[in-house]
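Encoded as structure tokens, the structure appears first; notes follow it.
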Amino acid sequence: MTDNVGNTAKQIVREYLINKGYIDQSVIPAPSFVIPVLDTGIQKEKTQIPASRAGMTPIEIKARSSKLILGKGSMPTEDYIKQEFNPITEYCTLICKENNNYSWKYYGKYKSLNTHSGVIPARDQEKKEWIPVSSTGMTKEGAGMTEKKAGMTEESTGVISSSNGAKSVDLNVSDQELEKISRDGIDGNGTLGLSLAAMKAIKDYFKKLNRNPYDIELESLAQTWSEHCKHNIFCSPIDEIKDGLYAHYIKRATREINSDICVSVFSDNAGGIIFNDDYLIVDKVETHNSPSALDPFGGAMTGVLGVNRDIVGFGKGAEPIMNTYYFCFAKEAKGKFYRDKERADEILPPKYIMKEVIHGVNVAGNCSGIPTQLGSVYFDDRFCGKPLVFVGSVGIIPRSINNVPSHIKGPKNSDKIVIIGGRVGRDGIHGATFSSEALSGNSPSTIVQIGDPITQKKLSNAALEARDLGLYNAITDNGAGGLSSSIGEMGKDGFEVDLSRVLLKNDGMAPWEIWISESQERMTLAVPEENLPMFKQIMKKHDVEVCVIGEFNESGKAVVKCPKGKVIMDIGTEFLHDGNPKMHLQTKPWTGEWIPVSATCMTSSQEVELKEMLSRPNICSKEFIVVQYDHEVQGSSVLKPLQGKGRVCSEAIVSRPILSSNKGVVKSQGFGSSYGEIDTYHMAACAIDTAIRNYVAAGGNINHLALLDNFCWCDAYNPERLWQLKRAAEACYDFATAFKTPFISGKDSMFNDFKGYDENGEKVMISAPPSLLISAIGIIEDIESAVSLDVKMPGDLIYVLGETLDELGRSEYQLYSGIGNNNVPKVDAKSARKLYERYNQAIKDGIIASAIAPNLGGLVIALAKSLIAGDLGAEIDLSLVPIGKIQNTDIINKIIMFSESQSRILVTIAPHNQKRFEELFEGAVYSCIGKVTEKKVLNIKDVLKVDLKNVAC
């Protein structure tokens, strides 16, 4: 399914033939992979050609990739093989030679197409050095690689035969039948995901029109009204909140803060804030959880490519300058789980998911020339059913383009609807409705899109050149819902589309498939007719395909034709966008059992305990991931993702998007999950404070800071889960307003559940824990003032800013040891804001040598990371750490070392700056707790002494 290598190879071959002069481009109206070739002896199809192409014959370039693994010795186990391929989207053939005989065995989706394994006697190989394809089952028929069976049809020019017209769907049926149509889809083509109330609203609408809807109309409404696109749960009335959680808490916070830095919030593909007098910085974070559970490589890669297109689709078009990520994986699955009752379709192993997600983000960013500068990973075994894959992108755009504010856009009456980039195929069909539900055996692999970063890079370059020439009035990406969403959102006043003009990569596609396919690397633009010639010329220059498929108008109608001018969709745009019935949600307090905390390991040695804490998956180094991503491309990286001699992963980075300016962008993240087992309100508060203090510690200006929220919830129709969601959203309002940090963009994913069967065939549901990722973005006035986390010089003084409290609840140390109570960390935003403002002044005064914001694992883990990064040691006295009231004094040192209390920063300063430093923080909670030493030993008075050369993080 995800054949990026094959797609890229195909383009390379095509460009090689053009450059060598084998292809006469003058007779090619647009790039195509069925091309006329000069008679050079290249293998050609025997096809009669028109007189206009005399002397040429068409050849078809096709490329499919496969991975060959060679081994020697014992036979690989089935578990090993499962770690090497994805049986949902790929197949595997194991070929072995033993006792001069060859045998083969099939694994994966297509093995059922092969009736038997086989053995090839050695004598059959007497005249050949290789295994015949026909014998290994690798023929098109034998291995399931027929074009028809594998879904790899020949490429089309976009013409749809009249036999592929739309179907009328009778909705004058019982409520039970309506629910069945929604659940199973039209003719079993895949779920519509619509509620009974929504189906009845559609039924009533078409009853007034005295006709039945066509399949394309139902599919279009299903995409537009899906949870993924409409955020029905976050926007619906809930309890006493009539305007919904999104408007009441998130948008209201931004409106009340009324920050001068905000330019475009909640109204475009990304949020935009002021960078300087000439530029805006834009930011967007998405999730690609459901696709990544089925095809981790393709899901993660298209997640990154999709969020990059969100940046290109902001305003008149921004340029992506940075990618970010945050992954949530399981370490292992507690038993075997299957998508089907027959237990033939096992979920992917967590290790495979992790490996392929990391690889997908690698390919998407590295091949696009966009640096991946910030990221982290969190582990919880409840993510085995569905991982969380957060992917973000930051971009930059001039504040004014052609003397018009760049963030303002919109199609004008009679503007042409233009599609640029990749062609439309069957990949990604029903992606929006699929990701709006729990993962189950009904989730098809075809919903996962196929990514191609090379095509997207060309598309991005071409769009920005056309932008600077003012050739279009609006641009947006083709993401969830495909053309139905991009054109539907842009054409709220009305539009008319002819689907027969859409360029396709698969033959025989039905109109509804073309309309909702989420095939990648496509943008939709509104182009004035007089600008089309120049626009097409620029697209041709960048080798980007372009097709004009319709026109925006002011009819108030969404009209789609196909084939031969036949109207197959005619819906009022008001109904399309606002006809979805509102739910009124009710909550009730969470009564579920908290997951008990039991000691995973306990030792009497403090030294061993520290080393084991540093090796915990949520604390240990993620360098093996970071080094797979290019963070230096574009030459903008200032504070790196790996810092100091010890190469410790950072929680915040600084980038320089305009190389002629010393002003920088600061980006950080804060993740909340574990604390939600006790209280999602404080979980959300901690996520906000974590993102802000990471940002501030690196030198970010607290007065020029914006936030993004990404909620990932589970079982979201459950009133108790809704209560948890409401608590978290309330915290977002309370703490965003208290910190005066507006939200500018966000996303929610409400059904991160897996519904399937265990190894005994019993039904199971695995729900990911409620989680919230907060991203912080802002500026630093002078990148020379940025502060890294590594300690710098022996003799520097070590200070802790902020108070340490008895807050071991759901901490990494409690999960490790079982020690402590249910006191989760709480945030005092008022005092934290004052502390951060004073810290900002210390940054401007240039007196901070190093800084790290304690996070998971607490103060001693942050100290160890800072020392390892600087390749130095320290002498510490815990009795000097400022602490609040502690109930259990028997474990006071454990609390001081491992409590995850918020709003603290661990800093080092040169001794000669001590007086100025303490003047700045007079009245705040702070203390000097030790000093940096040249000897690489962490010596905590009367507690422990650890040689840091023997530990790593």
Side-chain angles (χ1 to χ4, degrees), residues 1-6 62-125 128-153 293-299 333 336-353 355-356 359 426-427 441-448 450 756-757 759 761:
M1 290 298 301
T2 306
D3 196 5
N4 175 63
V5 175
K62 300 178 71 175
R64 303 281 180 244
S65 68
S66 62
K67 179 167 64 176
L68 178 64
I69 303 174
L70 301 174
K72 191 175 182 180
S74 58
M75 183 86 72
T77 64
E78 187 159 340
D79 284 342
Y80 169 82
I81 291 172
K82 285 180 180 178
Q83 298 292 338
E84 296 301 322
F85 84 111
N86 183 350
I88 299 173
T89 59
E90 302 171 326
Y91 69 93
C92 174
T93 306
L94 174 66
I95 306 171
C96 300
K97 178 183 179 183
E98 188 175 9
N99 299 326
N100 288 324
N101 287 330
Y102 292 94
S103 63
W104 64 96
K105 188 176 181 181
Y106 304 98
Y107 299 88
K109 187 176 180 180
Y110 295 114
K111 64 181 180 181
S112 60
L113 298 177
N114 302 280
T115 56
H116 63 278
S117 296
V119 176
I120 312 170
R123 63 178 177 273
D124 290 346
Q125 302 297 318
K128 295 180 181 178
E129 298 290 331
W130 61 89
I131 307 170
V133 169
S134 58
S135 300
T136 63
M138 295 295 286
T139 59
K140 288 185 178 181
E141 289 291 336
M145 285 291 289
T146 59
E147 300 301 322
K148 182 177 180 181
K149 291 179 181 176
M152 298 175 180
T153 56
L294 290 182
D295 181 0
F297 174 77
K336 291 183 179 292
F337 300 102
Y338 301 86
R339 297 171 68 223
D340 61 326
K341 192 172 184 178
E342 294 73 27
R343 291 166 288 167
D345 194 358
E346 189 175 353
I347 65 172
L348 298 174
K351 287 184 180 178
Y352 178 85
I353 290 177
K355 179 183 70 173
E356 292 300 309
H359 185 204
R426 288 196 171 92
D427 50 313
N442 296 323
S443 305
S445 61
T446 53
I447 53 80
V448 182
I450 298 172
Y757 302 86
E759 48 201 325

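Only this structure's heavy atoms are used, side chains among them; waters, hydrogens and symmetry mates stay out. Residue numbers run from 1 in the order of the sequence given. As the structure is a computational prediction, the values presented were derived from the model and not from experiment.
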#### Entry: Pair C96-M75, side-chain contact (heavy atoms from CB on, under 4.5 Å): steps then yes or no
CA-CA 8 Å; C96 300; M75 183 86 72; 3.1 Å; yes

### Message
If we ignore hydrogens and angles and just use 3.5 Å, is the side chain of Y757 paired with the main-chain N or O of R343 as donor and acceptor?
### Response
no

### Summary
CG (N86) and CD (E356) are apart, to the nearest 0.5 Å, by 8.0 Å

### Message
Please report the interatomic distance CZ(F85) to CD1(I69), rounded to the nearest 0.5 Å.
### Response
10.0 Å

### Message
Treating D345 as the side-chain partner and R339 as the backbone partner, does any N or O pair qualify as donor plus acceptor under 3.5 Å?
### Response
no

### Message
So, using salt bridge (charged side-chain N to carboxylate O under 4.0 Å, His left out) as the criterion, who are the partners of K97 when residues are at least two apart?
### Response
none

### Message
Can you tell me if K355 has over 12 outside heavy atoms packed within less than 6.0 Å of its NZ?
### Response
yes

#### Entry: T93 side, atom OG1; L68 side, atom CG - distance, nearest 0.5 Å
11.0 Å

### Query
Minimum heavy-atom separation for L348 to A293, with atom names?
CD1-O, 3.5 Å

#### Entry: Which atom of Y106 lies closest to which atom of W104, heavy atoms considered
OH-NE1, 2.9 Å

### 4.5 Å side-chain heavy-atom contact, E759 and E346
no

#### Entry: Taking every non-hydrogen atom, the tightest pair across Y352 and E84
CE1-C, 4.0 Å

### Query
Do the non-hydrogen side-chain atoms of L94 and E78 ever get within less than 4.5 Å of each other?
no

### Task
Looking only at non-hydrogen atoms, find the nearest pair between A333 and P350 and report the distance.
N-CG, 3.7 Å

